[in-house]
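Okay, structure first, notes after.
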Amino acid sequence: MPEPLGFLSAAGEVVRDLPDFARDGDTLRALYSAMARARTFDAKAIALQRTGRLGTYASSLGQEAIGVGVTSAMTDADVFLPSFREHGGQLWRGVTLVELFLYWGGDERGNDFAGPRQDFPVCIPVASQFPHAAGVALALQQKATTGVAVAVGGDGATSKGDFYEALNVVGAWDLPAIFVINNNQWAISVRRTDQTRARTLADKAVAAGIPGEQVDGNDVIAVREATERALRRARDGEGGTLIECVSYRLGDHTTADDASRYRDDAEVSPHWKAEPLIRLRNHLVANHGWRKDDEQALLRTTGDEVDKAAETYLAVAPEPARAMVDHLYATPPADLAALAEELGDG
Amino acid sequence: MPEPLGFLSAAGEVVRDLPDFARDGDTLRALYSAMARARTFDAKAIALQRTGRLGTYASSLGQEAIGVGVTSAMTDADVFLPSFREHGGQLWRGVTLVELFLYWGGDERGNDFAGPRQDFPVCIPVASQFPHAAGVALALQQKATTGVAVAVGGDGATSKGDFYEALNVVGAWDLPAIFVINNNQWAISVRRTDQTRARTLADKAVAAGIPGEQVDGNDVIAVREATERALRRARDGEGGTLIECVSYRLGDHTTADDASRYRDDAEVSPHWKAEPLIRLRNHLVANHGWRKDDEQALLRTTGDEVDKAAETYLAVAPEPARAMVDHLYATPPADLAALAEELGDG
Amino acid sequence: MAEHTMIEAVRMALGRALEEDPDVILFGEDIGIDGGVFRATDGLIQRHGSARVRDTPLSETVIAGMAVGAAAAGLRPVAEIQFMGFLYSAIDQLANHAARLRNRTRARLTCPMVLRAPYGGGIRAPEHHSESAEAMLAHIPGLRVVIPSSPARAYGLLLAAIRDPDPVVFLEPKRLYRAISEDVADSGEALPIDAAVVLREGTDLTLVSWGAMLTETKAAADTLAADGVSSEIVDLSSLKPIDRRAVRASVEKTGRCVIVHEAPLTAGLGAEIAADLAEHCLMSLLAPVRRVTGHDTVMPYPRLERRYMPSTERIVRTAQEVMEFA
Amino acid sequence: MAEHTMIEAVRMALGRALEEDPDVILFGEDIGIDGGVFRATDGLIQRHGSARVRDTPLSETVIAGMAVGAAAAGLRPVAEIQFMGFLYSAIDQLANHAARLRNRTRARLTCPMVLRAPYGGGIRAPEHHSESAEAMLAHIPGLRVVIPSSPARAYGLLLAAIRDPDPVVFLEPKRLYRAISEDVADSGEALPIDAAVVLREGTDLTLVSWGAMLTETKAAADTLAADGVSSEIVDLSSLKPIDRRAVRASVEKTGRCVIVHEAPLTAGLGAEIAADLAEHCLMSLLAPVRRVTGHDTVMPYPRLERRYMPSTERIVRTAQEVMEFA
Ligand SMILES: Cc1ncc(C[n+]2csc(CCOP(=O)(O)OP(=O)(O)O)c2C)c(N)n1
Ligand SMILES: Cc1ncc(C[n+]2csc(CCOP(=O)(O)OP(=O)(O)O)c2C)c(N)n1
Ligand SMILES: [Mg+2]
Ligand SMILES: [Mg+2]
C-alpha cells in the first residue's frame, strides 16, 4: 500500500521533491494566509454561534489545507462544489466572509456570491453534490470549455449511493470531474474504519474504473499538486479522478455536536501535531524567511478583516417575509404572487 | 487480470481440476436437468406471452447456469433474493412452475411460494434486492443461524446506489451475504462497457473491502463452486463476497424488447457456442454416459411437466377484487375493511 | 398537419427542442440507439448524435442529480426516468435540490431541467410499472408537475416545459401513448404551462381530471349527456402549480364537482382540489365534491388491474349520485 | 410516575422494546455511542450492546432497505433517519418494498419495521433539517405514518409502532423533544395506533392538527376560548391510515373546521382531511373548511423561519373568520 502523496512532514521538512509552485515563497505565503484566514473565520463563527448570533456551524479546524489546496489549483473556468466544511476553499474562490456569515447565520443571500458566480453553494445533504458535479462536468464538456467540476465531500459521504452513482458516470462518460474526499476520519461519531472496509477511500475509484489517489490532506502542497495533476488530465480529455485527502477533524462535528461523547482527548491530541498550518509555517520560517512579525501581522489583519465582516453581517437586516416566495420560480404562479403581496415587505 | 474461474470449456472439456461435487454424475445430471427445466419453462413462458396468456416476461436464455449454480450450493437455512431473471434458481429452491407462471401471468399468489417460504419474490426495481439481502443477512447473523443471504442482480444493477450501499454495509458489518452479478453483458440496450469503466464487475468489491471474484457464468460448476466457497466463508464468520458471473443474454431483454434494434446477430451468434447447456451435455456425454435417450427423456418429461403447469396456471381463476385490499395490512384499517366489503368476492 | 400519437408528439417536441436550442441535451436509460423503451426518442440519436442523446448507466439518482448540475451550468437537460416506479430514487435530488436551487441562491443558480417519466397503469405492465405518484411531487414547492392529455397537448406542453426556466417533472400517461391520434403540427409553439383547460363546456357538473383518466372521464360525460346531464370537463394539466382559478370558476358555474384520478385516494391530488373547493366555493356547492380514484391500495398485478382503475361506470355512478344530491 | 420530555419518552419506549423482544434491533447513523444526534438512543448501546444498537454507514437507502430485509427475515428493526430531510432517499424502499411486501406475497413475507425520523422546523436548524413531508408518505398504500404530540403519546405510540406487524414511519416533532414534560410511566402499554384523539372537547369549532403544531393550536384555542369560542381539538396522530370517523364526528358536532399543519399547503395532508369533510360532512358544515399551513414554499433559512411557520395568531385569525362566516 503506497504512502499518501506528501511533500512536507508534520514538522515541515521537505520529504519529497517539491513541485514548482511550491518553490515560490509568494505562492506558499498565499496558501498559508488563506488557511489562516479560514481558521480565523472558523474561530469567529464558533464564537458567534456560542453567543446566539450564528446558526449551527461546521468547523473546518485542521482541514484547511484541503479546501485551500484544491481551489488554489483551480481556475475561473472551473466550478467548485463544496460540502459544508470547505470554507477555506470557498474563500479562496472569492466568496466573501460576509456571505459565509450570512449563510451560516441563516440567510439565503449568503449563497448569492458576488464572486464565483458559477460555484455551488454549501451542500448539506451528504454526497448529493457529487451528481451535481457530474452534471456540471457534462455541461463543461458539452460546451467545449476547459473547465472541470471539482466537488468535495467527507469520508462518510463515500457510503452514499449518490457518490457512487456519480463516480460511476464520471468514469463511464469520461467527464471532467474531480471528486475530493475530505477524510477527516469521522462522520459525526462514526469512525472511518466503521464506515467502510475499503482499504483506502481512494480505492473506491476502482469501482468506477478511474484513477484514485490518496494524499496527505494536511499538506496543502500535496493537495494542490494532486488537484493540479487531476485537473490537467481532465482538461486533456482523460476524464475524472478521485482524490482522498487524509486529514483529521480536530473539533466537534458542528457546534451542535459534543465529540467528547465518542472520542477521547488521547486520540485527538497527536493529530494537533500534524495539522496543516504548523507545518507550512515551519517550512516558511525555515525556507522563506517568515518571521514572527509576519505571523503577527497576518493574524492581525485577518482578525480585523473577519471581525469587520462579522459586524457587517450582524448589521444586515433580514429580508422581508416575501423573499421566501419571490425566488421560488422565475415567474411566481398566481397563488404565490398573491402570497407575496400578503406577506409584504415587512 | 486473472481469467474468470472456469472448469469446463465451451466445448465441455475439463480445463481445471474439478471440485468434488462435479465428479459425481448424479449431481451433474441434476444440474443439467435443472437448467433444461428452466429453459423449457422459458420457451413456454414466451409462447404464452406471445399468445396473450402471460404478461411481459424476462427470459433467462443462456444464463441458466447462474441461478442453478448459485442455488444448488445453498441450503434451506439460506435465503435467496433473485432479480427477475433467475427462474432456474427459483425452481431449484422449490418454487413451483405454476407459481412462476402465476407471477408472470400477473397474479400475486405466484409469490406465495409453498416451497422456500423465506425466499424473496422476484425483484423488479433494479438492485433494490441488495439492501434486502443485507437486512436478511443481518437477521441471520443476529439469530445466530448458519444461514446466508444470496442475492442476484444484473450488470446494470451494479450502477445503482442500492447495490453499492448494500455492498458497503455487508463489508462494514461482516454480514453473511453473497451478491451475485449475472453479467449478461447488457442492461436492456446498454452494453456492460457503457455501464461502467470498472475493469470487472467483481472489482467493485474493492470499494467495500470484501472479496470479489469473476467466474464463467456459463459454467454451472464454476458458479456453484464459487458460491460454495463464498457460503463457507460467510458461515465461518468471514463476511460477504461479490461474485460476477460472466454470461450473455441470448434473447431479448424481455418480451417487450426487440434486441435487434441495438445489437447485431453477428454479435450474438458466437455466444450460442458458449452457452451453459451444451457444454455440460458434452461433458455428460463424454464422461457420464449421457445418451440421446437420456436427453430425449429429459426433454419429454420436462416438456410435459411445464405444459401441465401451464394448463394448471391457465385454469386458475383470478382472485376476487377484494384480494387487492385484504392483504395490505395485517388488520385492515376501517376504510379498507369497508372497501373490501364493497369490492366483494366477485 | 398530420395525425400523430402521443409518443410521436413527444418525439417531435424533443426533436424540435434539440434543433432549436444547442443547450438541450437528452439523457436516460436506453434512450439512445434503442430509442427509449416506448420509442419516445426513436431516431434522435441518429439525428443529433450521441453527445446530445445519451444512454446513462442504470442510476436514477444520478440522472436527476446530474440534470440539476447540468442545468445550473447552462444546459437544458431533458432527462428520462424509464417508469415512474423508478422515480422514487430521484425524489431526494428533486426535493432537496432541483426545486430549491433558484430560491436558495436567490436566483444566482437556476435549474431549467425537465424530468420525463411515463406514469400510470392500464396496460397490464409488470409490478412497479404502473405508478401514479404525482401527488407526492405536487407537494414539493419549487417544482412544476405537468401531465398532458392528448398528442397536441403533449407536444405543446413538453416544449413549454423544456423552455421553462424552472424544473419541470413531465409525466406522460403511457396508456395514451398510442391510444389516440390527433392533428399535431410541428410548429414549435408551446402551450401555457400553468393553465388548466376546459376540454368540454357544460352547465350541470364539473369533472376534473388529468392524463389518461380523461378517457374514462369523457366517456362518462358522454353517458351523462345521454341522460341529460351537461358536464364541463377540466383537464388540470398543470398539477403544480394548480390553476385553482380555472377549477373554481367551473365549479362556481356548475355547483357540482367530481374529481377523477388513477392514483390512490388518500392524499392524492384530488384531495387538494376538493379542499380548495371546500374552502373557496363552499357556497356554490350544490352537492358534496366527490373523488373517483384508484382504490386506496397498491396497484395490483395485471389480473386485477382493471378492478383497481376508476372505470367509466364508477365515474358515471358517482356523477349521478352527485346530480341526485339535494 | 415521573415527568419526562418527549426525547426521554422515545428513549424509554426504545429501551422497553429492546428489553421485551429479543428481535428488536436498532440501527441508524450515530445512534450508538453518540446516542443519536438528539440523544433518543442515549445509553441504549451500553445496556443492549453493539449488536442490537448499531451505527450504520451513511446510507439512507440501505437503512430503509436493510430494515425491509431484516423485518422479513424475522427481526423487528427500528431504524432511524437522522432528519426527515434525508428520508427522501429511503422513499423508494418504503414505497416499492416496505409497503408492499405483505400484499405482493399474499402475507407470506411481512415487514414489521419502524422508520423513525425527527421532522419539522422551528428550531433554527440548518437547511434541509426542518422538513415536514408527511403527506408524501401518507400517500403510500401499505404504510402507516404516525406522529405523536406529547411525551406520553410518543411512548405509547412508538411501542405500538414497534409491535405493529406492518411498516410504520414514526415521525417525531423535534421541536417538542424537550419543550414539554409530562407524566410518563414506563408501563409497556401501547396506545391504539390507528386512532385520532380528541385532546380537548368543544362545541363551536374543530381544530385538527398533529405533532408540534398542536402547541400553537392549543394556544389558539385558549385565545378563542377567552373570546367565548369553544374549540374541539383533534390530534390526528395517525396520518396513514386516517381516523376519518373521529374527524367527521367532531365536525358534525361543531360544524366548523380549521386544519393546522406545518407542511406547505398544496397537497399537504390537510387537503385530504378537508376533502373528506367536503365529501362526507358537507351538510354539517356551517363555514368553509380552512387550512392554516406553512406557506406554499420551501422552509426558509432560520432568519425567516418564524415567518413561514403557522403562528397562533394566524390560527386565531382564521378561526375567527370561520366563526364569523354566515
Ligand atoms: C444524506 C444525509 N444524511 C445525514 C446527514 C446528517 N449528517 C450531516 S454531516 C454527517 C456526517 C458527514 O460525515 P462526512 O461525510 O465524513 O463529513 P464531515 O462532516 O466529517 O466533514 C451526517 C450524518 C446529512 N446531512 N445528509
Ligand atoms: C431502478 C430501475 N430502473 C429501471 C428499471 C427498468 N429496467 C428493467 S430491467 C433494466 C435493465 C437491467 O439490466 P441488468 O441489471 O443488467 O439486468 P438484466 O435485465 O440484464 O438481467 C431496466 C433499465 C428498473 N426495473 N428498475
Ligand atoms: Mg468526515
Ligand atoms: Mg444485464
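Since the model is a prediction, treat every value here as computed from it, not as a measurement. All heavy atoms count here, side chains included; hydrogens, waters and symmetry mates do not. Every chain is numbered from 1, with letters handed out A, B, ... down the list of sequences.
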Heavy-atom pair with the smallest gap, counting every atom of [X] and [Y]:
X	Y	value
B:Y103	C:E127	OH-OE2, 2.7 Å
B:G156	C:L58	O-CB, 3.4 Å
B:A323	C:L304	CB-CD1, 4.2 Å

Under 4.5 Å heavy-atom distance to chain B, tell me which part of [X] shows up: side chain, backbone, both or neither.
X	value
C:Y308	both
C:V62	neither
C:T56	backbone
C:R39	side chain

What is the distance from atom [atom1] of [X] to atom [atom2] of [Y], rounded to the nearest 0.5 Å?
X	Y	atom1	atom2	result
C:H128	B:S128	NE2	OG	7.0 Å
C:F83	B:I124	CZ	CD1	10.0 Å
B:D258	C:D34	CG	CG	8.0 Å
B:R322	C:H295	CZ	NE2	12.5 Å
C:I33	B:S189	CD1	OG	8.0 Å
C:T297	B:H327	OG1	NE2	10.0 Å

Can you list the residues of residues 337-346 of chain B that sit under 4.5 Å from chain C, counting heavy atoms only?
B:L339, B:L343, B:G346

Evaluate the side chain to side chain contact (heavy atoms under 4.5 Å, CB included) criterion for residues C:Y301 and B:N111: first the C-alpha distance (whole Å), next the side-chain angles of each, then the deciding distance (0.1 Å), finally the verdict.
CA-CA 11 Å; C:Y301 289 8; B:N111 289 332; 2.8 Å; yes

With respect to chain B, which residue among C:P57, C:G32, C:A125 yields the maximal number of heavy-atom pairs within a distance under 4.5 Å?
C:P57

Proximal component of [X], with respect to chain C [non-hydrogen, under 4.5 Å]:
X	value
B:A58	neither
B:R109	side chain
B:L102	side chain

Are C:E305 and B:M324 packed together at the side-chain level, in the sense that at least one heavy-atom pair is separated by less than 4.5 angstrom?
no

Is a side-chain donor-acceptor pair under 3.5 Å present for C:T61 with B:K160?
no

Could you tell me if C:D55 and B:Y262 have a donor-acceptor pair between their side chains, going purely by distance under 3.5 Å?
no

Just give me the residue among B:D107, B:V190, B:L328, B:T56 that pairs up with chain C most often, heavy atom to heavy atom, under 4.5 Å.
B:D107

Best-contacting candidate, B:E108, B:H253, B:Q195, B:E319, against chain C by heavy atom pairs under 4.5 angstrom:
B:E108

Quick one: ring pair (Phe, Tyr, Trp, His ring centres under 6.0 Å) partners of B:H271, sequence neighbours excluded?
B:Y248

Between B:S159 and C:S59 (side chain of the first, backbone of the second, donor and acceptor by atom type, cut-off under 3.5 Å), is there such a pair?
no

Counting neighbours of CZ on C:R306 that are heavy atoms of other residues, nucleotides or ligands and sit closer than 6.0 Å, is the number greater than 12?
no

